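A note on names: the letters A, B, ... follow the listed sequences, proteins ahead of strands, and every chain is numbered from 1. What's counted below: heavy atoms across the whole structure, side chains too, no hydrogens, waters or symmetry copies. The shown structure was predicted, so the numbers you read here are calculated from the model rather than taken from an experiment.
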2 protein chains.
Amino acid sequence: MARRPASSLRKSPTQDRAKHTVDAILRASAHILRTQGYEACTTNAVAKKAGVSIGSLYQYFPSKEALVTALAQAHADRGYALLVDWVREAGEKALSLEDTVRGYIRAMVALHGVDPALHRVLTEQVPRIGAGVKLVRQLSQRSAAMVRAWLESQASHFRADLDLDLATYMLVTSVEAVIFMVVLEAPKSLQGDRLVDEVSELVLRYLGVRRR
Amino acid sequence: MARRPASSLRKSPTQDRAKHTVDAILRASAHILRTQGYEACTTNAVAKKAGVSIGSLYQYFPSKEALVTALAQAHADRGYALLVDWVREAGEKALSLEDTVRGYIRAMVALHGVDPALHRVLTEQVPRIGAGVKLVRQLSQRSAAMVRAWLESQASHFRADLDLDLATYMLVTSVEAVIFMVVLEAPKSLQGDRLVDEVSELVLRYLGVRRR
DNA sequence: GTAAAATATGAGCAAATGCTCAGGTTGTAA
DNA sequence: TTACAACCTGAGCATTTGCTCATATTTTAC
């Protein structure tokens, strides 16, 4: 069962036919991960679900780890794009502090809401994979940097004793975690805008923003 | 490879010799989980590490899942005991709101600090195991109930518009998540009492506690 | 049309995994 | 001492896994 090391695409598909194959493989693995978890996501199962032979799978993905990593990469890219959107929006329209925070939370909720089950499996399993550690660290550093920059630009509106580095860490972590949990468990008390409201409250109060 | 369903101990050890065997097995599996993760924690590997034959392992644990579940149970029990201690302490000595919160956070930090790597693996893998789902739900419900009861008893000191159910959820989730993350990543900016301070700040501000 | 390149196939290998069972060893109690 | 129970052993079975490779089919380029 000698496992090969993880890496990116082995061969890049040029013909349409091949692109469809790669797409089917990615879709199938996402579906299995989401519905049956990481252990059930065997290369043979993925190939079967994708309606493709295992040989084809290994023509494009050098290992099972590479497959999962590719999926995680795509997922992470989507997430980062949402963050970038938030920054742009907060910059263009001159939003209030409250609205900017709410926009951020809303973007995060949307991100997690897209495919919570897949998100869970990826966040749990990817860090254990060699190439995955780098990926996770990269994404969290990027988003932390964006939040940190925004905090800095608005520092005058926060409580005086706020440590920006600490605050960045606290906010990124707790916001991510609460939303992650809520979206997975979906308690009825936190549906619709209630979640956005409550997390915003947590953030604004922690920052010491004076309102009204 | 037909997997057996998970359940508790198959046979309870009565002689000292047998108790040592069970103990060695539990220690070995904890060590492998902690250092090499769930997948590496095979029954054969555990038996070898424990200096015991696989046969002996299966005499006490009917399946791999049962083994991990037993470990998680012990871990959860330790955690719950810390919570109970906190409640007792907060009741006996008439602690201030601030000190009670700090005590809670401190207990949580201590809990996660004991064996962070094992805690991570357990929290990630146990929910996927049949018997594990129940275990996890039970523990989180218990701790939520304690926090909720305390919030209720102190409600007059919080902001008027605080929804106790929501607050319970938000606090349990975010506190757990932040501490979990911090203990794993151990950023130098959040060492010693800094973590306890900062999380307490988050909680107290969210609750709307007026101080000084 | 034809040759080369790109793509697809799937039987099957080597290694691993969860677990059993037939038989051995150690403790206990009379 | 003897007899029985508690305990331990480990070779190995049935199955699964990640993955290869020789071969077949399709597309592209001329």
Enquirer: With sequence neighbours left out, what residues match B:R128 under salt bridge (Lys or Arg N to Asp or Glu O under 4.0 Å)?
Expert: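 Per chain and number, B:R128 pairs via salt bridge (Lys or Arg N to Asp or Glu O under 4.0 Å) with A:E39.
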
Enquirer: Without decimals, in angstroms, what is the distance between A:E39 CD and C:dA16 C1'?
Expert: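 Whole-Å distance recorded here is 14 Å.
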
Enquirer: Looking at CG of A:D99 and OG of A:S200, how far apart are the two atoms once the value is rounded to the nearest 0.5 Å?
Expert: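 Spacing of CG (A:D99) from OG (A:S200) equals 9.5 Å.
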
Enquirer: Has A:Y58 got a side-chain N or O lying under 4.0 Å from the OP1 or OP2 atom of D:dC19?
Expert: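 True: A:Y58 side-chain N/O within range (under 4.0 Å) of D:dC19 OP1/OP2.
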
Enquirer: Could you tell me whether the side chain of A:W86 and the main chain of A:T100 form a donor-acceptor pair under 3.5 Å?
Expert: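 The answer is yes, because a donor-acceptor pair under 3.5 Å joins these two groups.
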
Enquirer: Extract from the structure each pairing of a protein N or O with an N or O of nucleotides 9-12 of chain D at less than 3.5 Å, listing the distance.
Expert:
residue	atom	partner	partner atom	Å
D:dT9	OP2	B:S53	N	3.1
D:dG10	O6	B:G55	N	3.4

Enquirer: In whole Å, what is the span from the NZ atom of B:K64 to the P atom of D:dT16?
Expert: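 Between P of D:dT16 and NZ of B:K64: 16 Å.
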
Enquirer: Among residues at least two apart in sequence or on other chains, which ones pass ring pair (Phe, Tyr, Trp, His ring centres under 6.0 Å) with A:Y206?
Expert: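 A:Y206: no ring pair (Phe, Tyr, Trp, His ring centres under 6.0 Å) contacts found.
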
Enquirer: Can you list, pair by pair, the side-chain donor-acceptor contacts under 3.5 Å of residues 169-185 of chain A, counting residues two or more places apart and other chains?
Expert:
residue	atom	partner	partner atom	Å
A:Y169	OH	B:E185	OE1	2.9
A:T173	OG1	A:Y169	O	2.7
A:S174	OG	A:M170	O	2.7
A:E176	OE2	A:H112	NE2	3.2
A:E185	OE1	B:Y169	OH	2.9

Enquirer: Can you list, pair by pair, the side-chain donor-acceptor contacts under 3.5 Å of residues 70-80 of chain B, counting residues two or more places apart and other chains?
Expert:
residue	atom	partner	partner atom	Å
B:H75	NE2	B:H119	ND1	2.8

Enquirer: With sequence neighbours excluded, what pairs up with B:D165 under the side-chain hydrogen bond (donor to acceptor under 3.5 Å, both in side chains) test?
Expert: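 Result, side-chain hydrogen bond (donor to acceptor under 3.5 Å, both in side chains) vs B:D165: B:R148.
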
Enquirer: Report the distance from atom CD1 of A:I25 to atom C1' of C:dA8, rounded to the nearest whole Å.
Expert: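 Value for this atom pair: 11 Å.
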
Enquirer: Keeping to residues at least two apart or across chains, list the ring pair (Phe, Tyr, Trp, His ring centres under 6.0 Å) pairs with something in residues 38-57 of chain A.
Expert: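 Applying ring pair (Phe, Tyr, Trp, His ring centres under 6.0 Å) to every pair that reaches into residues 38-57 of chain A, excluding sequence neighbours, yields nothing.
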
Enquirer: By salt bridge (Lys or Arg N to Asp or Glu O under 4.0 Å), which residues pair with B:R194, not counting sequence neighbours?
Expert: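 B:R194 satisfies salt bridge (Lys or Arg N to Asp or Glu O under 4.0 Å) with A:D163 only.
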
Enquirer: Return no unless some side-chain N or O of B:T21 is found under 4.0 Å from OP1 or OP2 of D:dC8.
Expert: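 Answer is yes, contact under 4.0 Å.
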
Enquirer: Mark up nucleotides 22-28 of chain D, 5' to 3', with B wherever a protein heavy atom is under 4.0 angstrom from a base atom, S wherever such an atom reaches only the sugar-phosphate, and - elsewhere.
Expert: ----BSS

Enquirer: Name all residues meeting the side-chain hydrogen bond (donor to acceptor under 3.5 Å, both in side chains) criterion together with A:D23; count only those two or more places apart in sequence or in a different chain, and write none if there are none.
Expert: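 For A:D23, the residues satisfying side-chain hydrogen bond (donor to acceptor under 3.5 Å, both in side chains) (neighbours in sequence not counted) are A:R27.
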
Enquirer: Mind jotting down which residue pairs meet the salt bridge (charged side-chain N to carboxylate O under 4.0 Å, His left out) criterion with at least one end in residues 111-120 of chain B? Sequence neighbours excluded, please.
Expert: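 Matches after skipping sequence neighbours: B:R34-B:D115, B:R120-B:E124.
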
Enquirer: I need the residues from residues 26-35 of chain A with at least one non-hydrogen atom less than 4.0 Å from DNA chain D; give them sorted by number, or say none.
Expert: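 None, since no heavy atom is under 4.0 Å.
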
Enquirer: Quick one: is A:T43 getting a side-chain N or O under 4.0 Å of the D:dC19 phosphate, OP1 or OP2?
Expert: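 Answer is no, no contact under 4.0 Å.
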
Enquirer: Whole Å only: how far is the NZ atom of B:K48 from the P atom of C:dG18?
Expert: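 The answer, rounded to whole Å, is 15 Å.
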
Enquirer: Rounded to the nearest Å, what distance is computed from the NZ atom of residue A:K19 to the P atom of nucleotide C:dA6?
Expert: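 Going from A:K19 (NZ) to C:dA6 (P), I get 14 Å.
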
